[in-house]
Amino acid sequence: MSALSPAPRRSSLSWRPISLGVVLTYLLVAYVILPQWGKEKALWHPDRLDGARLTHTAGGLPGDPLNISFVGSAEEIGQSLLATGWKPATALGFKSDIKIAVDTVLGQPDPNAPVSNLFLFGRKEDVAYEKPIGHSPRERHHMRLWKTTEQEGGRAVWIGGATQDVGVELSHTTEQVTHRISPEVDAERDFILAELTAAGRLSGIRWIDAFHKERQGRNGGGDPWHTDGRLPVAMLRPASP
């Protein structure tokens with residue numbers, strides 16, 4: 001009678017602590033080390049040294065370029081954008097983050113999907129609006145606006161960054177999950193102006209040439225952008241009663 005083969009030995013190596021270690025390492029690199037490195041690098045970005053031409057992330061990374069400005073009240077901005085199909089973006093939070101993740105995977109529309117906070121003048125955006133493209137929050141038009149301390153004709157002056165989201169990706173600089181923007185930021189600027197003009201919401205537009213001295217760069221997610229350097233100042237028509 002032949003001897004029975006010994007039962008295979010169960011590996012004493014457990015994959016659970018290894019998996020946990022990989023996840024913790026990713027979180028450390030993506031949310032601590034790389035943002036800090038990016039913050040130090042951002043201090044030497046030419047546009048930052050030249051003044052307020054870029055937004056910045058909470059970690060100090062260069063954000064989206066400023067490419068649009070409005071003269072008018074918050075109410076006039078809201079009325080004008082709502083009239084052309086834009087919606088206020090939902091504030092960031094656990095519930096909204098989960099919802100946009102599910103909607104992205106399932107391809108469901110979310111006209112009020114949240115946008116990440118960017119910073120200018122030492123504070124996050126005062127208002128944020130978006131306009132869906134298709135049936136998934138992967139793609140959308142979106143714009144963040146800050147109220148400045150300046151006035152024109154006794155009316156408030158706002159400045160902001162408008163970009164088009166074209167997908168979802170891991171940030172090239174922090175490895176965090178983020179939207180990918182189209183590099184054609186001038187096209188998004190011109191799209192918004194054309195919509196508002198067609199809707200009769202603008203009384204005029206003037207242009208500031210050479211607003212951007214640095215005409216190309218990368219945002220906090222590592223996405224490239226380029227511009228002709230001009231900034232439009234759009235005068236909104238007074239709000240209806």
Side-chain angles (χ1 to χ4, degrees), residues 52-101 103-104 109-134 136-149 156-169 171 176-182 184-193 195-196 199 201-202 219-221 223 225 231-234 236 239:
R53 300 291 186 271
L54 296 175
T55 60
H56 286 82
T57 69
L61 291 169
D64 299 332
L66 300 173
N67 62 349
I68 198 163
S69 179
F70 293 104
V71 177
S73 66
E75 183 181 10
E76 289 162 349
I77 290 173
Q79 284 192 3
S80 298
L81 291 175
L82 289 172
T84 52
W86 290 68
K87 304 290 184 183
T90 304
L92 281 173
F94 178 77
K95 184 177 180 180
S96 59
D97 289 350
I98 293 298
K99 187 175 188 302
I100 193 174
D103 290 340
T104 297
D110 187 353
N112 301 99
V115 298
S116 59
N117 293 326
L118 290 178
F119 294 81
L120 184 69
F121 311 132
R123 69 179 192 272
K124 70 180 183 68
E125 65 277 356
D126 295 313
V127 294
Y129 287 86
E130 65 183 318
K131 185 174 185 177
I133 300 175
S136 170
R138 289 175 182 269
E139 296 184 75
R140 60 182 175 178
H141 304 283
H142 72 286
M143 175 170 54
R144 301 173 181 86
L145 294 170
W146 287 261
K147 187 177 181 180
T148 74
T149 57
V157 176
W158 302 71
I159 194 167
T163 57
Q164 179 181 339
D165 287 336
V166 294
V168 175
E169 64 180 2
S171 165
Q176 297 176 14
V177 177
T178 185
H179 276 92
R180 180 174 75 254
I181 69 166
S182 165
E184 307 291 339
V185 295
D186 291 349
E188 186 70 1
R189 170 198 73 189
D190 296 342
F191 167 76
I192 294 170
L193 295 177
E195 278 203 320
L196 293 176
R201 295 288 170 164
L202 300 182
N219 69 2
D223 301 330
W225 57 265
L231 177 75
V233 181
L236 295 167

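We use all heavy atoms of the structure for the numbers below, so side chains are in, but hydrogens, waters and symmetry mates are not. Keep in mind that this is a model prediction, so the values were computed, not measured.
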query: Checking side-chain contact (heavy atoms from CB on, under 4.5 Å) for the pair Leu66/Leu120: CA distance, chi angles, key distance, verdict?
result: CA-CA 10 Å; Leu66 300 173; Leu120 184 69; 4.0 Å; yes

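- In this structure, the separation between CZ on Arg189 and CE on Met143 is 13.5 Å, given to the nearest 0.5 Å.
- Contact of the Leu145 side chain with the Lys147 side chain is not registered, since no non-hydrogen atoms from C-beta on lie closer than 4.5 Å.
- One N or O on the side chain of Asn67 and one on the backbone of Val185 form a donor-acceptor pair closer than 3.5 Å.
- Phe191 and His141 have parallel rings, their planes meeting at less than 30° on a 0 to 90° scale where 60° marks the start of perpendicular.
- Interatomic distance, CG of Leu118 versus CG of Leu61, reported as 10.5 Å (0.5 Å rounding).
- Counting only distance, with no hydrogens or angles, the side chain of Lys131 and the backbone of Thr84 share a donor-acceptor pair below 3.5 Å.
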message: Between Ile77 and Trp86, is the side-chain contact (heavy atoms from CB on, under 4.5 Å) condition met? List the steps.
response: CA-CA 11 Å; Ile77 290 173; Trp86 290 68; over 6 Å; no

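- Under the 4.5 Å side-chain criterion, counting only non-hydrogen atoms from C-beta, Asp165 is not in contact with Glu130.
- Going from atom NE2 of His142 over to atom OH of Tyr129 covers 15.0 Å, rounded to the nearest 0.5 Å.
- Under a 3.5 Å cut-off, the side chain of Ser182 and the backbone N or O of Gln164 do not form any donor-acceptor pair.
- Residues forming a side chain to side chain donor-acceptor pair (under 3.5 Å) with Asp126 (at least two apart in sequence, or on another chain): Arg123.
- Between Leu236 and Gly72, the closest heavy-atom pair is CD1-CA, 4.4 Å.
- Here the shortest heavy-atom pairing between Leu54 and Pro62 reads CD1-CB, 4.1 Å.
- Rounded to the nearest 0.5 Å, atoms CD1 (Ile181) and CG (Asp223) are 5.5 Å apart.
- Between Ser80 and Leu196 the shortest heavy-atom distance is O-CD2, 3.6 Å.
- Between the side chain of Trp146 and the backbone N or O of Lys124 there is at least one donor-acceptor pair closer than 3.5 Å.
- For the atom pair Arg201 CZ and Glu195 CD, the distance stands at 12.0 Å (nearest 0.5 Å).
- The CD1 atom of Ile68 lies 10.0 Å from the CD1 atom of Ile159; values are rounded to the nearest 0.5 Å.
- Between the side chain of Ser69 and the backbone N or O of Trp158 there is at least one donor-acceptor pair closer than 3.5 Å.
- Minimum interatomic distance between Leu202 and Ala234 (heavy atoms only, all atoms of both residues): CD2-CB, 3.9 Å.
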